[in-house]
Amino acid sequence: MIFAILSDIHGNMEALEAVFKHAERHPIDRFLCLGDIVGYGANPKECLNRIKSFEDIVCAGNHDHAVTELTDTSYFNPYARKAVHWTISQLDEEDIAYINSLPYIYEEDTFYTVHANLAKPELWGYIFDDFDASTNFFIMKKNICFIGHSHVPLAFEKKEDIIKPHYGAEKILIDENCKYIVNVGSVGQPRDGDPRASYCIMDTEAKTIVWHRVIYDVAKAQKKIINAGLPSFLADRLAMGR
Ligand SMILES: [Fe+2]
């Protein structure tokens, strides 16, 4: 089975379409989405419709819940908060109902998908380092947990009691004696200094997880953000990958 795992699209249709086009080169059986479909970018409704169209597993992210007022946004920076208000104005009742139907966690035999972490997914805590990872590993009964949220592609590998981070990881060979937390990076707003869209493909036969980076039309996405009256910082950061 071959899975494509996407996260943090953030209303960036140019990046999302480029990722789907890139994924066409691979015999993908199923698409999984880890949330934050909306927020920041200028095409929240279009991204929601595109994600809905692949009819597979979609988890909720904090920006999705921000626009349906299921989560507190007091910790959001002013740019994010402004984007939340603008995004609400673009969505209808059906969109809100769809977002509110999304689960926090999805699980299969060998893996979980969640936006932020398994311990308290509704609190949206980040997994940045070995300590954060250890809490998540503690409750993992399955081999792999796919996450997003920080917009930084990376992985943590746990073998016996040793946790090894893989910053800037490009490929993992899955060892069934290990556990993995895999951050697939962000489709629509990468923050690792590389502006290309990020997503992962897992091949369960070959036992591989590969990160892919995809060039997309950043200038077009930026122009839409400016034309929508969203903060220019949200356009600027796309080119920086920050
Ligand atoms: Fe996000």
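Each ligand, and each atom within it, is numbered from 1 in the order the structure gives. Here the structure is a predicted model, which is why all the values come from computation and not from measurement.
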Checklist entry - Any N/O/S atom of H149 sitting less than 2.8 Å from the Fe ion (ligand 1), backbone or side chain? => result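 Of the N, O and S atoms in H149, none lies under 2.8 Å from the Fe ion (ligand 1), which means no.
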
Checklist entry - How about H151: does one of its N, O or S atoms come closer than 2.8 Å to the Fe ion (ligand 1)? => result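 So H151 counts as coordinating the Fe ion (ligand 1), yes.
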
Item to check | NE2 (H10) - the Fe ion (ligand 1) - OD1 (D8) angle, nearest 10° | outcome: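 Answer comes to 100°, rounded to 10°.
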
Next on the checklist: Whether the H166 and Y180 side chains hold a donor-acceptor pair (N or O, under 3.5 Å, no angle test) is what I'd like checked.
Outcome noted: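 No donor-acceptor contact under 3.5 Å links the two side chains.
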
Checklist entry - With the threshold set at 4.0 Å, does a side-chain nitrogen-carboxylate oxygen contact exist between R30 and E108? => result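 Salt bridge present between R30 and E108.
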
Item to check | Under-4.0 Å salt bridge between E107 and K142 | outcome: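 So E107 pairs with K142 through a salt bridge.
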
Checklist entry - So which of the N, O or S atoms of D36 lies nearest the Fe ion (ligand 1)? => result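 In D36, the heteroatom (N, O or S) nearest the Fe ion (ligand 1) is OD2.
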
Checklist entry - Using the ring of each side chain (for Trp, its six-membered ring), is Y40 parallel, tilted or perpendicular to H10, with breaks at 30° and 60°? => result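 Because their plane-to-plane angle lies in the 30° to 60° range, the rings of Y40 and H10 count as tilted.
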
